[in-house]
Amino acid sequence: MDIKSIDKIVSLCKRRGFIFQSSEVYGGLASTWDYGHLGVELKRKLKNEWWQNIVTSRDNVVGMDAAILMHPKVWEASGHVENFNDPLVDNKDTKKRYRLDHLLEGQKPEVVESLTNAIFKDNPPEFASEEDHIVILTQHLNDLGETGGSLLKDSGVRDPHSGAVGNWTNPRQFNLMFQTHIGPTQDSSSIAYLRPETAQGIFVNFANVQITSRQKLPFGIAQMGKSFRNEITTGNFLFRTREFEQMELEFFVHLEDTKKWLEYWSNERLEWFKSLGITPEKLRLRAHGGDELAHYSSACYDVEYQFPFGWSELEGIADRGTFDLDQHNAHADKKQSYFDPQQNKHIVPAVVESSAGVDRAFLTVLVDAYREEEVNGEKRVLLKLAPKLAPITCAVFPLMNKGEQVEKAELLVKEVRREFSGFIDTGGSIGKRYRRQDEAGTPYGITVDHQTMEDDTVTIRDRDTMEQERISIDSILDQLRSRISAT
RNA sequence: GCGGGUGUAGCUCAGUUGGUUGAGCAUCAGCCUUCCAAGCUGAGGGUCGCGAGUUCGAAUCUCGUCGCCCGCUCCA
């Protein structure tokens, strides 16, 4: 599948009612998308699959649902206020952009020294380490504002891409958290943030949930919901957006067991994606290198999918140690701890996190399902969605759009709807109606014909094979059940 | 944010040196009655992304702006 196929999927999504661009009538809002009538069904089914797999089917995981707005101190404790931003600089000559700290790390010692002298003149502070040195330089350069760029240039900071001294812009700070105000007036005391991850809602409720659910280590708390990040660069359709939905599991364990559980959940999560019918060869687990790890994490696996635009992350499974609970214990009045009966003392549990993007999973399912086939010299576009995920499970057609066949079809679609999502289509030739449903990803089509009127049988047609079988109308629900469970 | 590309009907695209925007598909109504999109008749749908400028006249030329795509960076 080539890179163009994302465009084809965007087009199909709009044409069939999966995804529309947000605020389209006002010219659109950058990288925000709305789910249409088919999209919302697919998304709900995807989320239900996750909840069923992570929460409902397990006795050691419970769910919760925290508010999007939280006390601002949550984000100070979590490190997001401090760390969730990156000063960036651009080289106007090469048009390349760098994170300032990464850029400085790669410079020669004399360049760093020259910068240090320029910033601190004659009394530089003590640097605990080389890393600390870079952090402090980055901070000061960022604070310099108007003169930062020329300072970089004068100190001879080179562009790793060209090897030449860069024509640098002033460093600019991007805070990735959306700020808002609580209360009718916008004074500074009312600043709040839209959460950049759902995880913190779980951490600050750890003790509440643990005590009320009477769970013992190891156990998990799961949540799904919207999160917001002011991404510098968005794109690839639904892949990177500023408003997105997460499915997160925080699994609390004894500190010495994190490695074991990290392996366990990494494999569980990879298998889950496979269970959605996604091509296994296009899924992989990739361990993070040391330099890729987030500030809170000591080990991490990504579940990745091979998109037309390359291997990209669907989900991160991370060992966060005791970082989060420690942070809240240091900042908050109320302590988050666990009484371990074996050791007869209070401990701070470590956590293994699995954090998946709903919209990314949605995009993956669509991209993976998209097919163009040649049938009798004609192109057939279909979505080979897993039947359990398809927005419409079964469409019903009267072969002729008249009289008793239509009445019968209306009765049958009602029957289908007792358990599955059904849709009746009376318009156009039967072939055209099958193809419409192929494009929507509907796995089964039931057709009422002349024979139905004589012996109460109908044909059921399979989307993928296009083969039909004649069945009794009494067995429709049984047929659908067994066909779905067989996939 | 910077660089490159792009924007005409729901979708895919035409549109000449500047002169009243077209096609195919889709949609809707009717006819036809047929198990894999192409039968017949008719209808609806566009301030050519938006705003200025040049011009007698702009989809077309210029500038600005917004959205989308690719790259740089970051992440779910």
Side-chain angles (χ1 to χ4, degrees), chain A residues 3-4 6-8 10-17 20-32 84-100 102-103 159 161 169-170 172 174 176 196-199 224 227 229-242 244-248 292 294 302-303 309 312-318 353-361 363 375-381 397-403 405 427-439 445 447-451 459 461 463 466-468 470:
Chain A
I3 195 95
K4 295 290 280 180
I6 284 283
D7 292 338
K8 287 182 179 176
V10 174
S11 168
L12 181 141
C13 279
K14 179 168 189 188
R15 199 165 68 236
R16 309 282 2 180
F20 306 116
Q21 188 180 13
S22 165
S23 316
E24 196 185 24
V25 296
Y26 288 104
L29 181 65
S31 91
T32 16
F84 213 58
N85 54 48
D86 301 304
L88 302 180
V89 289
D90 293 320
N91 181 354
K92 286 182 266 192
D93 292 340
T94 61
K95 312 297 181 199
K96 294 288 174 187
R97 164 174 289 184
Y98 299 96
R99 248 175 76 168
L100 183 54
H102 288 179
L103 182 66
D159 187 329
H161 184 76
T169 62
N170 295 319
R172 285 186 308 272
F174 293 88
L176 296 188
E197 62 175 22
T198 61
M224 34 188 173
S227 293
R229 295 181 191 173
N230 229 334
E231 294 289 343
I232 300 152
T233 307
T234 56
N236 283 328
F237 194 30
L238 299 174
F239 190 79
R240 189 180 295 107
T241 54
R242 296 196 169 95
F244 59 103
E245 191 159 8
Q246 293 184 301
M247 307 182 280
E248 294 198 298
E292 294 179 87
D302 282 347
V303 177
F309 48 82
S312 304
E313 178 185 355
L314 300 180
E315 167 160 353
I317 302 102
E353 170 185 275
S354 136
S355 174
V358 175
D359 315 87
R360 285 187 181 183
L363 181 62
V375 177
N376 301 330
E378 293 295 325
K379 191 168 87 170
R380 181 170 87 117
V381 174
F397 317 107
L399 187 59
M400 286 183 290
N401 185 17
K402 208 177 246 177
Q405 286 189 11
S429 73
I430 189 69
K432 180 173 281 192
R433 284 178 275 168
Y434 284 143
R435 298 303 171 82
R436 276 194 199 121
Q437 293 305 315
D438 288 342
E439 230 184 22
T447 302
V448 172
D449 58 13
H450 324 80
Q451 196 180 329
T459 60
R461 179 254 195 189
R463 175 197 64 202
M466 297 193 288
E467 278 167 14
Q468 290 172 273
R470 187 161 282 275

Check nucleotides 66-68 of chain B for protein N or O atoms closer than 3.5 Å to its own N or O atoms and list the pairs.
from   : atom 1 : to      : atom 2 : distance (Å)
B/rG67 : O4'    : A/Gly27 : O      : 3.3
B/rG67 : O3'    : A/Gln21 : NE2    : 3.2
B/rG67 : O2'    : A/Gln21 : NE2    : 2.8
B/rC68 : OP1    : A/Ser31 : N      : 2.3

Restricting to nitrogen or oxygen on both sides, can you table the protein-nucleotides 24-31 of chain B pairs closer than 3.5 Å?
from   : atom 1 : to       : atom 2 : distance (Å)
B/rA26 : OP1    : A/Lys432 : NZ     : 3.2
B/rU27 : OP1    : A/Arg436 : NE     : 2.8
B/rU27 : OP1    : A/Arg436 : NH2    : 2.9

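For A/Arg240 and B/rC74, a side-chain-to-base donor-acceptor distance below 3.5 Å is present, hydrogens and geometry of angles not being considered. Side-chain atoms of A/Glu313 stay outside donor-acceptor range of the base of B/rC75, with no qualifying N/O pair under 3.5 Å.
For A/Arg380, the salt bridge (Lys or Arg N to Asp or Glu O under 4.0 Å) test picks out A/Glu373, A/Asp438, with sequence neighbours left out. Looking at residues two or more places apart in sequence or on another chain, you find a salt bridge (Lys or Arg N to Asp or Glu O under 4.0 Å) between A/Arg16 and A/Glu439. Under the salt bridge (Lys or Arg N to Asp or Glu O under 4.0 Å) criterion, A/Lys432 pairs with no residue, sequence neighbours left out. Evaluation of the salt bridge (Lys or Arg N to Asp or Glu O under 4.0 Å) rule for A/Glu315 yields A/Arg269 as partners, not counting sequence neighbours.
Comparing the P positions of B/rU55 and B/rU17 gives an interatomic distance of 23 Å, to the nearest angstrom. Remark: the separation of the P atoms in B/rA14 and B/rA9 is 12 Å, to the nearest Å. For the P atom pair drawn from B/rG57 and B/rG18, the interatomic distance equals 15 Å after rounding to whole Å.
A/Ser429 has a side-chain polar atom (N or O) that falls below the 4.0 Å cut-off from OP1 or OP2 of B/rA38. Between A/Asn401 and B/rU34 there is no side-chain polar atom (N or O) within less than 4.0 angstrom of OP1 or OP2.
Side-chain proximity of A/Ser11 to B/rC35, B/rU73, B/rU12: nearest is B/rU12.
An aromatic stacking contact between A/Tyr434 and the base of B/rA37 is absent, as defined here by ring centres under 5.5 Å apart and ring planes under 30° from parallel.
Within the 4.0 angstrom heavy-atom criterion, only backbone atoms of the sugar-phosphate kind lie near A/Asn236; the bases stay farther away.
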